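Below you'll find the structure, written out as structure tokens, and then a few comments.
Just so we're on the same page: letters track the sequence lines, and every chain starts at 1. This one's a predicted model, so the numbers in the text were calculated from it and none came from an experiment.
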2 protein chains.
Amino acid sequence: MMFNISWEVQAVTTLKRADARKNIESIMDAATACLARDPDVSVADIAKAAGVGRVTLYGHFESRAILVTQVAERAIQQSDEALGAVDLDGDPRAALSRLLEASWRLTQQYGALIVAAEQSMPHEQFQAVHLGLIDRWKPLMERGRGDGSFRDDQPLGWQLTLLQSVLHAASGAVYRGEIKAADAATLIDGTLQAALTPPGATRH
Amino acid sequence: MMFNISWEVQAVTTLKRADARKNIESIMDAATACLARDPDVSVADIAKAAGVGRVTLYGHFESRAILVTQVAERAIQQSDEALGAVDLDGDPRAALSRLLEASWRLTQQYGALIVAAEQSMPHEQFQAVHLGLIDRWKPLMERGRGDGSFRDDQPLGWQLTLLQSVLHAASGAVYRGEIKAADAATLIDGTLQAALTPPGATRH
DNA sequence: CACAAGTCGAACACTGATGTACGAGATGCT
DNA sequence: AGCATCTCGTACATCAGTGTTCGACTTGTG
């Protein structure tokens with residue numbers, strides 16, 4: 001599987017003609033942007049946004065599902081790298097702030113792409129990569145729960161769901177104009193730090 | 001508008017034949033259940049779930065959009081009544097708990113119906129009824145922010161979005177089996193009470 | 001009982017989206 | 001320069017969902 005992916009990238013970057021490579025780039029970028037806004041966007045709209053004909057798009061991607069999968073795989077890989085670069089050591093609450101800020105950037109960038117991926121990718125494959133992303137959170141949360149930084153009177157799974165949910169809600173709120181994008185990071189951090197504070201403790 | 005609605009109800013409940021009324025009931029109940037699970041469910045599936053033919057359904061509802069609108073209007077009206085019956089006096093935190101419990105029941109019952117309504121109803125009409133429901137929350141939140149029960153260092157609009165988001169997240173978590181339905185109410189209350197506690201205060 | 005009202009399935013037209021076929025024309029590559 | 005590669009528009013087949021029509025049948029109601 002891993003070998004297949006790298007082989008395809010190899011093919012894209014060396015075997016094809018230069019204009020074809022440029023178009024493939026445009027298509028994937030346009031698809032990322034379109035799918036981030038609307039997970040059900042049509043292939044025709046993606047092609048239009050990429051500035052290529054619909055037929056050209058099908059020349060590079062066999063089907064809509066394959067296009068979505070490719071785009072999602074790239075986004076997930078990039079997200080995984082971005083989250084992996086975050087320093088999770090030291091005070092769990094400070095580490096959570098850093099992880100939230102990085103995650104917020106990714107949420108803004110990719111938005112509803114995850115919904116499209118869930119619909120288009122094979123269920124087990126999506127499950128696998130999704131769990132991979134969640135695992136970026138788990139160790140920090142477990143450590144914080146262990147040393148009393150975070151409350152542990154709720155299931156860890158619920159708290160992880162909550163994190164995602166608040167990020168998603170902020171994305172929607174910015175999209176609807178309810179809050180300014182610049183304020184979102186502060187609101188997210190302030191809200192989730194409060195929600196994770198152990199009962200009986202006093203927040204700084 | 002109000003007159004139109006009551007006129008239609010009148011027609012449904014008195015002018016039509018008994019079996020027709022029963023079928024209309026079945027269709028609206030089935031549509032409610034189906035749309036709560038999948039906002040994009042087809043008319044054919046709704047008819048099947050209601051135990052009637054697709055043509056019969058179209059005999060009672062001119063179009064899918066009208067059916068969804070009718071179903072949503074009934075759900076919203078019922079929700080409005082349920083929320084209106086909640087005692088919002090006394091300690092704001094206790095009142096919030098009561099309001100959350102009632103809202104959780106409605107969220108479980110209607111789920112994704114709100115998404116379907118947003119897609120099928122005229123934008124302004126949806127906006128109106130939706131704002132009507134939110135207004136059930138606003139006075140309590142404002143009172144709690146004023147007397148120091150809830151934090152007021154975040155926009156009220158954000159806190160209202162957060163409430164909805166957490167309810168929705170809990171619904172999804174139950175659906176996916178991550179948490180048990182019986183535990184959901186406690187988790188929701190515990191999470192949101194914490195998120196709304198003013199900085200510097202100590203939670204009981 | 002008799003008729004109006006209602007139900008049902010099959011068939012049809014229409015729409016929007018996906019995916020394919022073809023052929024003419026443009027363009028990168030050597 | 002010349003050829004393989006690529007692009008593009010148009011047209012077509014297919015599919016799923018919506019909404020309608022028709023005619024035969026069933027059932028509630030006066």
Side-chain angles (χ1 to χ4, degrees), chain A residues 8 10-31 34-35 37-72 112 115-122, chain B residues 8 10-31 34-35 37-72 112 115-122:
Chain A
E8 289 179 12
Q10 195 73 2
V12 165
T13 50
T14 61
L15 296 187
K16 304 224 177 181
R17 234 169 63 177
D19 55 345
R21 273 179 286 154
K22 183 168 63 73
N23 277 339
I24 291 178
E25 269 303 303
S26 302
I27 291 170
M28 291 196 71
D29 290 347
C34 290
L35 291 168
R37 271 172 280 160
D38 174 14
D40 297 320
V41 68
S42 72
V43 173
D45 285 345
I46 294 175
K48 192 170 298 179
V52 303
R54 197 170 61 95
V55 185
T56 301
L57 190 155
Y58 276 107
H60 295 299
F61 301 92
E62 288 182 20
S63 69
R64 184 185 193 281
I66 288 182
L67 170 61
V68 172
T69 301
Q70 303 260 110
V71 167
V115 179
E118 192 164 11
Q119 290 168 357
S120 293
M121 287 174 72
Chain B
E8 286 178 13
Q10 195 73 0
V12 165
T13 49
T14 62
L15 296 186
K16 304 224 178 183
R17 233 170 62 177
D19 55 345
R21 273 179 287 157
K22 183 169 60 74
N23 277 339
I24 291 177
E25 270 304 302
S26 302
I27 291 170
M28 291 195 70
D29 290 347
C34 291
L35 290 167
R37 270 171 286 167
D38 174 12
D40 296 320
V41 67
S42 73
V43 173
D45 285 345
I46 294 175
K48 192 171 299 179
V52 303
R54 198 169 61 93
V55 185
T56 300
L57 190 154
Y58 276 107
H60 294 300
F61 301 91
E62 289 183 18
S63 69
R64 184 184 193 281
I66 288 183
L67 169 61
V68 173
T69 301
Q70 303 261 110
V71 167
V115 179
E118 191 164 11
Q119 290 167 357
S120 292
M121 288 174 72

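At least one side-chain heavy atom of B:F61 sits less than 4.5 Å from a side-chain heavy atom of B:I24. With contacts defined as side-chain heavy-atom distances shorter than 4.5 Å, the pair B:Q119/B:D40 qualifies. Put simply, the side chain of A:V41 reaches to within 4.5 Å of the side chain of A:R64, judged on heavy atoms. The side-chain heavy atoms of B:V52 and B:I27, taken from C-beta on, include a pair separated by under 4.5 Å.
Looking at residues 55-66 of chain B, you'll see B:V55, B:T56, B:H60 sit with a heavy atom under 4.0 Å from some atom of DNA chain C.
Here the options are B:D45, B:I46, B:D38, the test is side-chain contact (heavy atoms from CB on, under 4.5 Å), and the partner is B:S42; only B:D45 passes.
One atom, CG of B:D40, and another, C1' of C:dG16, lie 15 Å apart when rounded to the nearest Å. Taking atom CG of A:D38 as the reference point, atom C1' of C:dA17 lies 13 Å away to the nearest angstrom. Atom P of nucleotide D:dG19 and atom CD1 of B:I46 are separated by 11 Å, given to the nearest angstrom. Residue A:K22 contributes atom NZ, which lies 13 Å from atom C1' of C:dA26 at whole-angstrom precision. Rounded to an integer number of Å, the gap from CD1 of A:I24 to P of C:dG28 is 15 Å. Rounded to an integer number of Å, the gap from CG of B:N23 to P of D:dT26 is 17 Å.
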Please produce a list of atom pairs where a protein N or O lies less than 3.5 Å from an N or O of nucleotides 28-30 of chain D.
residue	atom	partner	partner atom	Å
D:dT29	OP1	B:A18	N	3.4

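Nearest approach of A:A72 to A:A117, heavy atoms of both residues: CB-CB, 3.7 Å. Here the closest heavy-atom approach between residue B:K16 and residue B:R21 is recorded as O-NE, 3.5 Å.
In this model, a side-chain donor or acceptor of A:R54 finds a partner on the base of C:dG19 within 3.5 Å.
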Dump the intermediate steps for side chain to side chain contact (heavy atoms under 4.5 Å, CB included) on A:L67 and A:V43, then the final yes or no. CA-CA 9 Å; A:L67 170 61; A:V43 173; 5.6 Å; no
